[in-house]
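Letters A, B, ... are given to chains in the order of the sequence lines, protein chains preceding strands, and every chain is numbered from 1. Computed over heavy atoms, backbone and side chain alike; hydrogens, waters and symmetry mates excluded. The structure displayed is predicted, hence computed values, not measured ones.
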Amino acid sequence: MYQEVILDHYKHPHGRGLRPGDAEVHHVNPTCGDEITLRVRYDGATVADVSYEGQGCSISQASASVLNELLVGKELTEAMAVQATFLELMQSKGQIEPDDAMEEVLEDAVAFAGVSKYPARVKCALLSWMAWKDATAQALEREKL
Amino acid sequence: MYQEVILDHYKHPHGRGLRPGDAEVHHVNPTCGDEITLRVRYDGATVADVSYEGQGCSISQASASVLNELLVGKELTEAMAVQATFLELMQSKGQIEPDDAMEEVLEDAVAFAGVSKYPARVKCALLSWMAWKDATAQALEREKL
Amino acid sequence: MSHDLPGLLDTEAIRKDFPILGRTVHDGKKLVYLDNAASSQKPRQVLDALSEYYERHHANVHRGVHVLAEEATALYEGARDKIAAFVNAPSRDEVIFTKNASESLNLVAHMLGWADEPYRVDSSTEIVITEMEHHSNIVPWQLLAQRTGAKLKWFGLTDDGRLDLSNIDEIITERTKVVSFVLVSNVLGTHNPVEAIVRRAQQVGALVVLDASQAAPHMALDVQALGADFVAFTGHKMLGPTGIGVLWGRQELLEDLPPFLGGGEMIETVTMEHSTYAPAPHKFEAGTPPVAQAVGLGAAVDYLGGIGMDRVAAHERAITGYALGRLAEVPGLRIIGPATAEDRGATISFTLGDIHPHDVGQVLDEQGIAVRVGHHCARPVCLRYGIPATTRASFYLYSTPAEVDALVEGLEYVRGFFG
Amino acid sequence: MSHDLPGLLDTEAIRKDFPILGRTVHDGKKLVYLDNAASSQKPRQVLDALSEYYERHHANVHRGVHVLAEEATALYEGARDKIAAFVNAPSRDEVIFTKNASESLNLVAHMLGWADEPYRVDSSTEIVITEMEHHSNIVPWQLLAQRTGAKLKWFGLTDDGRLDLSNIDEIITERTKVVSFVLVSNVLGTHNPVEAIVRRAQQVGALVVLDASQAAPHMALDVQALGADFVAFTGHKMLGPTGIGVLWGRQELLEDLPPFLGGGEMIETVTMEHSTYAPAPHKFEAGTPPVAQAVGLGAAVDYLGGIGMDRVAAHERAITGYALGRLAEVPGLRIIGPATAEDRGATISFTLGDIHPHDVGQVLDEQGIAVRVGHHCARPVCLRYGIPATTRASFYLYSTPAEVDALVEGLEYVRGFFG
Ligand SMILES: Cc1ncc(COP(=O)(O)O)c(C=O)c1O
Ligand SMILES: Cc1ncc(COP(=O)(O)O)c(C=O)c1O
């Protein structure tokens, strides 16, 4: 489970800290108390920033770092696709062996494939991704108003 | 369990039917729905009558009949002693083999010794005896007032 | 006696799976177990699942990051999947594990008592049950009625042991919040018509609760086809362990309704001042759940599914038809409940002349025949038919026509004994 | 490592009774099971009692007049006798079987919510708990407070993991109806002082409820000496099956207080209009009880009694002292809870530098060492000490000093891994 990539992100997280954003959410993993506060900022349809702060295990921390690295700068639709692919991988119960196409989409995030075998940890890996999705929905909602 | 004596009392009950009394009680055996309405009449300290009506199995019916036969005419203290002995026998879980002394006190009621091995039926055998004790207590209470 | 009944299962093979059925009682008398409506026996497969669970995989479920905790959780949640499939639930999250059917029914009553509108039962509302309910589907509603001031109403019974629905529009009204009734009666054997009641309940916006305790063990259950909002049943009557019951409920309702028992596992986050709750089913499963028992119940539905619930039902229909026919031969025997095999389960209650059921049961027991006697936790049925109690023989997938014959012979002996 | 600790049990012999302890995990690593506060493992004797029950004696209890029903009833009620003796209850009728400790605690909360005076909890009254309660002794009281308007108050904790009773007279007042607290904490290990709290509660006429879930498995419990009014515990933590808990309550209270779940077995007589209830304990045991589980729990207390609870306690004291000493050697390790073996149980929570407990637990698991991580269903404790979660190692009668050594080595490896 503890791939080098994961440990690296855990020890040297990308984009950590809260910066101004269009929407903020606070998510909790009730089964272990992991928490994240996450903000998104959009520049038109581009993910301008994902800033976050929280406490949690190496998996949840590394996952937030990977998310930041992967999504910032992407177009919203593309970012959504990455999120969906990551979700699919994490819910695969270790059944998906990431192929080249998936690796291209997920980059560092493929390192989490092994985590999907551990049901208790899948939620850790998904915490920031669910928070991002939620914050994004709120930002879009606000846009509309 | 079904001694001849018991079957006899069941088929030819003594003193069945409700007659005037000093106190009346209604007891129910919730585990099987057996019911008895029982009245006692005292003549000073003598058990002048025990009359009853009810529905129930052969054990509870026969037991009421035996009670009537045994207690009517006795002095209250003596009747109490009989009741206590019967209670002891019924709660013995088949461990008491009635001796001559017990037989002298209980007469026909020793036939119930076998019933004490069947926890579900002990309550049937005791229904009328508990009702009698209760009715007697009420009658005494009233006397005092 | 020839027993060429169509639909019978291969009971010889099946009985080998049930260790207890090989037992003798009272100095060598073969056990004839006809008390299945009270509780069924357990096949080797269920006992093995229990042992295997405790010997290899036990740990507390959820939250654990060690192997045993993960295995135990997978087994427990896997059992939920099996039960969901067994009753054709749209979602596994609609399956709540309780301790028995009684808790399942109480759970619904409590949820409705503390619910917000539109579900809340209060003094302006009515609760509807029937006169053929098990005490476990009467007392929770009496308590709810007492505590909220709601009015309790019920359907009466016809002389031949069926629900009297002639006044359905007066019983179920605009004030009715919930209608709770038994799918198959544990005394009469009656299989009740669900559709008519569900239709009327939906007209007035009332929820429908089905007590399927005597149905789930014996026939294919499809909660979607039934159209009820909640369905309750109990593990020990369907080859499973004691200590486990099930409540199926519609997802939207489980989301909207408040929790019942509070504690570990049912929370999302807790502070001293305030707690929030986990989504269903966990919201309704406070404390360490009956893990081994769920695993055992999973093995039980695997066993039943392996045979096929339609074949189980056909077997019991055949046995019931045969038993009704043979019992009709016994002089003085009066069936309490439907006298034909149509729309009824494999549970037959009767009286025998004026011999008290306790005496019938006791003398049968001396011959090795286990039946139940009394009011079977449904005393209003006895009151309705003016009898103190009944003797009840109830069959299951391992019951044989020869056991019916033994019962009939046993009853003849009883008659002679008290004659 | 020499392990000449006084008071140790012959764990070599004891471990042979527990099939699962011979298991290996992760490709041949020996299982080191240090998650006993979550749930204990089961000895062969308990599993045999379960099998024997199902294979020879199962039937529904009470009311039956056949052999199996009588045997099952005798076994079930016999288990009640055993539990009553195990906790030195004045009467067997004070022992109520529930599904787990959570239900036991909810049962008390519900009884008090619906009770008549002088027990009734309502908006003019107060409920007292502590900050170190398991969620199962927090949420039921929060729900009761919400639903009745009563005020919930609690004792805080000192920095070294003990109850802060300095303001006891302000916390427990004339308005207090009930004080419910944990005898031994499942996170801190703290063994709380009962006498001072009981004395103050009695002064003001409040009832005392003890959550003994982490005490009953590990020490001799004497409900009479404790002086509480209710004592709750759970079977699966004390070598028994899942699916069973116990509530002991004083007879007078059980007589006076109203029922909780309604259904079969808990009634005296039922009509459609009205029901009356059986005397305790049956009044509080609606539906088919956890029969096999009670029998299993009976076998568990036989097993514990055979060893002797004082010897179990001595063993755990020795292991705990040893573990506290060895853990102190691990750099960065901070014990959350009392740092000495005095007045504490064999449950040790800690943090390890800023390595998240999830990671600690996972890497220990890879070495075959099973500990629990998280808030252990007592989140307010984590909040109190400003930590997100802890790693918790908890011992039992089969735990060995060598397992403590394995834990310490494992933690060194964890430090290296994330260092
Ligand atoms: C202190 C304490 N109280 C209550 C409980 C709840 O026990 P159960 O989950 O068996 O209901 C536990 C265990 O989880 C506990 O440790
Ligand atoms: C129709 C019916 N409902 C409810 C129950 C209650 O089931 P349990 O005792 O398992 O709670 C029973 C069985 O006793 C039953 O036959």
Visitor: So does C:Lys30 have more than 12 non-hydrogen atoms from other groups sitting under 6.0 Å from NZ?
Guide: no

Visitor: Which bit of D:Trp141 comes within less than 4.5 Å of chain C, counting heavy atoms only: side chain, backbone, both or neither?
Guide: neither

Visitor: Who wins among D:Ala370, D:Pro258, D:Gly245 for the most heavy-atom pairs under 4.5 Å with chain C?
Guide: D:Ala370

Visitor: With chain C as the partner, which of D:His274, D:His134, D:Glu265 has the greatest number of non-hydrogen pairs under 4.5 Å?
Guide: D:His274

Visitor: Top residue by heavy-atom pair count (under 4.5 Å) with chain C, among D:Ser136, D:Ala101, D:Ala72, D:Gly22?
Guide: D:Ser136

Visitor: Heavy-atom distance under 4.5 Å to chain C: side chain of D:Thr234, backbone, both or neither?
Guide: neither

Visitor: Using heavy-atom distances under 4.5 Å, tell me whether D:Glu133 contacts chain C through its side chain, its backbone, both, or neither.
Guide: neither

Visitor: Looking at every non-hydrogen atom in both residues, tell me the closest pair between D:Leu68 and C:Tyr33 and how far apart they are.
Guide: CD1-CD1, 3.8 Å

Visitor: Just to verify, what does C:Asn106 make a side chain to side chain donor-acceptor pair (under 3.5 Å) with, not counting sequence neighbours?
Guide: none

Visitor: Between D:Val25 and chain C, which part of the residue has a heavy atom less than 4.5 Å away: side chain, backbone, both or neither?
Guide: side chain

Visitor: Which one of D:Ser40, D:Gly263, D:Pro140 has the most heavy-atom pairs closer than 4.5 Å to chain C?
Guide: D:Gly263

Visitor: So which part of D:Leu261 gets closer than 4.5 Å to some heavy atom of chain C, the side chain, the backbone, both or neither?
Guide: both

Visitor: Which atoms form the tightest heavy-atom contact between C:His62 and D:Arg372, and what is the distance?
Guide: O-NH1, 3.0 Å

Visitor: Shorter than 4.5 Å, heavy atoms on both sides: which option in D:Leu105, D:Val65, D:Leu152 has the most such pairs with chain C?
Guide: D:Val65

Visitor: Going by distance alone, is a donor N or O of one side chain under 3.5 Å from an acceptor N or O of the other, for D:Thr271 and C:Arg379?
Guide: no

Visitor: Look at the rings of C:Phe260 and D:Phe260 and say which category their plane angle falls in: under 30° parallel, 30 to 60° tilted, over 60° perpendicular.
Guide: tilted

Visitor: For the side chain of D:Thr242 and the backbone of C:Ala292, is there at least one donor-acceptor N/O pair under 3.5 Å apart?
Guide: yes

Visitor: At a heavy-atom distance under 4.5 Å, which candidate from C:Leu21, C:Thr269, C:Ile369 has the highest pair count against chain D?
Guide: C:Thr269

Visitor: Minimum heavy-atom separation for D:Leu143 to C:Tyr277, with atom names?
Guide: CD2-OH, 3.4 Å

Visitor: For D:Glu273, which atoms come within 4.5 Å of any heavy atom of chain C: side chain, backbone, both, or neither?
Guide: both

Visitor: Please say which of C:Lys42, C:Arg23, C:Arg44 ends up in a side chain to side chain donor-acceptor pair (under 3.5 Å) with D:Glu55.
Guide: C:Arg44

Visitor: For C:Asn100 and D:Thr288, indicate whether the former's side chain and the latter's backbone hold a donor-acceptor pair under 3.5 Å.
Guide: yes

Visitor: Is it the side chain or the backbone of D:Gln362 that comes within 4.5 Å of chain C heavy atoms, both, or neither?
Guide: both

Visitor: Identify which part of D:Val371 has an atom lying under 4.5 Å from any heavy atom of chain C, answering side chain, backbone, both or neither.
Guide: backbone

Visitor: Checking C:Glu131 side chain against D:Met272 main chain: does a donor-acceptor pair fall under 3.5 Å?
Guide: no

Visitor: Tell me, out of D:Pro289, D:Pro380, D:Ser51, who's got the most heavy-atom pairs with chain C below 4.5 Å.
Guide: D:Pro380

Visitor: Top residue by heavy-atom pair count (under 4.5 Å) with chain D, among C:Gly368, C:Ala294, C:Ala378, C:Pro290?
Guide: C:Pro290

Visitor: Got C:Val139 and D:Ser275 here, is their nearest side-chain heavy-atom distance under 4.5 Å?
Guide: yes

Visitor: Drop me the distance from D:Asn60's CG to C:His376's NE2, to the nearest 0.5 angstrom.
Guide: 12.5 Å

Visitor: For chain D, which of C:Ala69, C:Gly287, C:Ala109, C:Ala145 has the most heavy-atom pairs under 4.5 Å?
Guide: C:Gly287

Visitor: Looking at every non-hydrogen atom in both residues, tell me the closest pair between C:Ser39 and D:Ala59 and how far apart they are.
Guide: CB-C, 4.4 Å

Visitor: Less than 4.5 Å to any heavy atom of chain C: does that hold for the side chain of D:His58, its backbone, both, or neither?
Guide: both

Visitor: In the structure I gave you, are the side-chain heavy atoms of D:His110 and C:His110 within less than 4.5 Å of one another anywhere?
Guide: yes

Visitor: In terms of heavy-atom pairs under 4.5 Å, which option from C:His236, C:Gln41, C:Arg147 contacts chain D the most?
Guide: C:Arg147

Visitor: Between D:Leu50 and chain C, which part of the residue has a heavy atom less than 4.5 Å away: side chain, backbone, both or neither?
Guide: side chain

Visitor: What part of D:Thr130 is in contact with chain C, defined as an atom under 4.5 angstrom from a non-hydrogen atom: side chain, backbone, both or neither?
Guide: backbone

Visitor: Heavy-atom cut-off 4.5 Å, strictly under: side chain, backbone, both or neither for C:Val295 against chain D?
Guide: neither

Visitor: Counting only heavy atoms closer than 4.5 Å, note whether D:Leu31 contacts chain C via side chain, backbone, both or neither.
Guide: side chain

Visitor: Would you name the heavy atoms of C:Gln293 and D:Pro241 that are closest together and state the gap between them?
Guide: NE2-CB, 4.5 Å

Visitor: Quick one: what part of D:Val381 sits under 4.5 Å from any heavy atom of chain C, side chain, backbone, both or neither?
Guide: neither

Visitor: Taking side chain as everything from C-beta outward and backbone as N, CA, C, O, which of these in D:Ile129 sits under 4.5 Å from a heavy atom of chain C? Side chain, backbone, both or neither.
Guide: side chain

Visitor: Closest approach of D:Cys377 and C:Gly264, non-hydrogen atoms and distance?
Guide: SG-CA, 3.9 Å

Visitor: So, the side chain of C:Asp365 versus the backbone of D:His66: is there a donor-acceptor pair under 3.5 Å, distance only?
Guide: no

